[in-house]
Amino acid sequence: MSSNTTSSTPTLPPSLDLPPHLSAQKYFFVCTLTVLAWDALVLTPRSYRLGRLPKWPALKFMYYFMQFWVLADFIVTGVMFFSTTVLQDTDCVAFWPYEPICTAILLAVASAVHVMRISAIYDHVQHVRMTMWGLYALQIVVTAICCGFYRSVHLLDGQGCIAGPLNNASWVGIYWLAPTLLYGTSFVFAALRSIKTLETRQVSYWRLMLRDGLNLYGAILLVNLINVLFYFIMTPTGTNDPIKTIVTSMAAVLTTTMSMRIILSVRGDLANGGTFSISSHAASSSGANTHSLSGSGNRPRGVNHTFTLGDMRDATVAVAGRKEGGEWDADKNSVTPGEETKAVLPIIGEDVDNGIPRARTGLGVQITVDQQVEYDDGFPTRK
């Protein structure tokens with residue numbers, strides 16, 4: 001007696017039976033959304049403090065626009081990408097222009113931040129402004145044209161919607177090459193400007209990088225270079241292989257978040273792209289504010305000097321006007337104008353030079369400020 005047994009191999013639905021490259025892209029998109037969510041939470045307190053500032057210069061407006069637009073772009077794109085109910089011939093065909101157009105707008109605003117910031121740190125020198133604005137105009141034209149050469153990648157129903165180059169054409173990668181050229185130029189300009197400051201004040205390269213935000217410019221350039229390499233080097237296995245667009249989501253998100261941090265790192269006012277300071281940095285502490293006054297050496301024994309706030313203020317103005325003394329050596333961060341800062345003041349003795357107090361060398365004093373009040377508003381009185 002014999003029995004025939006038939007074994008059937010179970011089949012997975014299209015939403016689970018994913019090609020290797022599509023599966024990798026979905027995992028990478030999850031990482032992108034995680035970075036976006038984390039960065040949104042981390043920047044929330046600083047975004048709140050920035051919003052409380054009274055003025056609305058262009059950089060502040062761009063900051064909040066990018067914060068909203070990047071969420072609108074990638075949350076909607078993520079929903080369509082991971083949806084298991086969308087149909088390729090109807091839903092995806094109607095949806096594909098959303099991603100390249102929204103990303104092009106996002107890149108345009110982020111690049112405008114770079115143009116304004118680089119122009120500002122070079123004091124709006126003509127050749128720097130012309131170079132940056134020329135690259136910016138090139139980016140706008142190229143990305144606008146290339147948006148028309150994206151199409152929906154023809155996946156199976158249930159595998160989601162994603163946009164990719166028409167017929168996986170590599171030349172569509174100039175959509176990302178144009179902004180990458182701008183970010184590379186901004187990184188070079190920012191690095192050269194920072195390195196030049198070493199002629200007047202020597203600091204370590206690590207501190208120089210953090211002080212001037214070179215790590216932000218470098219991160220933007222690196223992720224965009226990797227994205228461009230994927231467009232021009234990676235070979236797809238077919239017209240439905242999305243390997244060329246694997247890094248695009250991460251490139252757009254990191255470009256946006258790093259550009260937002262560039263805005264937050266601006267010292268002083270945000271108007272006209274902010275300012276560039278070679279000798280100031282914000283030093284935060286959990287305790288009271290400490291201000292160090294310049295001077296080194298040995299103080300004569302038995303000699304005590306007493307100065308009032310008015311004496312120090314008047315003497316500082318007089319000495320600074322003659323370029324013989326120091327000035328407040330700390331620009332305040334554009335987001336936290338009340339944050340603790342280290343500053344430098346000259347020590348003024350009894351010596352008088354033509355009626356102007358002269359700064360003495362070899363003297364030093366440290367003042368701890370437990371309560372900071374505005375001098376022009378007068379001193380607080382006890383009730």
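Everything quoted here is computed from the prediction, not taken from an experiment. We count residues from 1, following the sequence as given.
A salt bridge (charged side-chain N to carboxylate O under 4.0 Å, His left out) check over residues 80-107, counting only residues at least two apart or in different chains, returns nothing. Within the structure, every pair that satisfies the ring-ring contact (aromatic ring centres under 6.0 Å, His included) test and touches residues 139-162, not counting sequence neighbours, is listed here: F149-W171, Y150-Y175. Counting only residues at least two apart or on different chains, the side-chain hydrogen bond (donor to acceptor under 3.5 Å, both in side chains) pairs with a member in residues 120-142 are S111-Q139. Counting only residues at least two apart or in different chains, ring-ring contact (aromatic ring centres under 6.0 Å, His included) contacts with residues 91-115 comprise F95-Y98, H114-Y183, H114-Y217. Among residue pairs with one or both ends in residues 159-170, those qualifying as side-chain hydrogen bond (donor to acceptor under 3.5 Å, both in side chains) are S170-K244; sequence neighbours excluded.
Take V30 and apply the side-chain contact (heavy atoms from CB on, under 4.5 Å) test, not counting sequence neighbours, and it matches T34, F82. With sequence neighbours excluded, the residues forming a side-chain contact (heavy atoms from CB on, under 4.5 Å) with M250 are F28, C31, T32, V35, V223, L254, listed by chain and number. Under the side-chain contact (heavy atoms from CB on, under 4.5 Å) criterion, N215 pairs with M209, L210, sequence neighbours left out. With sequence neighbours excluded, the residues that form a side-chain hydrogen bond (donor to acceptor under 3.5 Å, both in side chains) with S83 are T85. Under the rule for a side-chain contact (heavy atoms from CB on, under 4.5 Å), L41 has no partner lying at least two apart in sequence or in another chain.
Residue S249 holds its OG atom at 7.5 Å from CG of L33, rounded to the nearest 0.5 Å. Between the CG atom in L177 and the CG atom in N224 there is a gap of 10.0 Å [rounded to 0.5 Å]. Of the inter-residue distances, the one linking L225 atom CG with I220 atom CD1 reads 12.0 Å to the nearest 0.5 angstrom. To the nearest 0.5 Å, the span separating CG on L182 from CG on L138 amounts to 9.0 Å. Once rounded to the nearest 0.5 Å, the distance linking CG of L214 with OG of S194 reads 4.0 Å. In this structure, T237 OG1 and M234 CE are separated by 10.5 Å, a value rounded to the nearest 0.5 Å.
With hydrophobic clusters built from ILVMFWY side chains whose heavy atoms lie under 4.5 angstrom apart, V109 shares a cluster with W56. Under the 4.5 Å side-chain heavy-atom criterion for grouping Ile, Leu, Val, Met, Phe, Trp and Tyr, M258 is connected to I262 within one hydrophobic cluster. Cluster annotation: M130 is not connected to M132 through the hydrophobic network of ILVMFWY side chains, with a link wherever side-chain heavy atoms come within less than 4.5 Å. W38 and L71 sit in two unconnected hydrophobic clusters of ILVMFWY residues. Membership requires side-chain heavy atoms under 4.5 Å apart, directly or through other members. By the criterion of side-chain heavy atoms lying less than 4.5 angstrom apart, applied directly or through intervening Ile, Leu, Val, Met, Phe, Trp or Tyr residues, V142 is grouped together with W176 in one hydrophobic cluster.
In terms of heavy atoms, Q25 sits closest to P242 at OE1-O, 2.9 Å. The two residues V172 and C146 have their closest heavy-atom pair at O-SG, 4.1 Å. Across T103 and A252, no two heavy atoms sit closer than the pair CG2-CB, 4.0 Å.
Using modelled atom types, one finds a donor on one side chain and an acceptor on the other under 3.5 Å when comparing R211 with T197.
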Step by step, would you call R261 with D39 a side-chain contact (heavy atoms from CB on, under 4.5 Å)? CA-CA 10 Å; R261 292 177 183 272; D39 207 77; 2.7 Å; yes
Please determine whether side-chain contact (heavy atoms from CB on, under 4.5 Å) holds for the pair L156 and N240, giving the CA-CA distance in whole Å, both sets of side-chain angles, and the decisive distance to 0.1 Å. CA-CA 9 Å; L156 299 178; N240 61 343; over 6 Å; no
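Side-chain heavy-atom separations under 4.5 angstrom define the hydrophobic clusters, and the remaining members of the one that includes I233 are L229.
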Donor-acceptor pairs are to be reported for all side-chain atoms of residues 58-70 against protein atoms at under 3.5 Å, with residues two or more places apart or in another chain.
from: K60; atom 1: NZ; to: L50; atom 2: O; distance (Å): 3.1
from: K60; atom 1: NZ; to: L53; atom 2: O; distance (Å): 2.7
from: K60; atom 1: NZ; to: K55; atom 2: O; distance (Å): 3.0
from: Y63; atom 1: OH; to: S47; atom 2: OG; distance (Å): 2.5
from: Y64; atom 1: OH; to: S47; atom 2: O; distance (Å): 2.3
from: Y64; atom 1: OH; to: G51; atom 2: N; distance (Å): 2.7
from: Q67; atom 1: NE2; to: S47; atom 2: OG; distance (Å): 3.0
from: W69; atom 1: NE1; to: C102; atom 2: O; distance (Å): 3.0

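Remark: F232 CZ is packed, more than 12 non-hydrogen atoms of other residues, nucleotides or ligands lying under 6.0 Å away.
D212 has no carboxylate O lying under 4.0 Å from a charged side-chain N of R193, or vice versa, which leaves the two without a salt bridge.
Counting heavy atoms from C-beta outward, F29 and T77 have side chains that approach closer than 4.5 Å.
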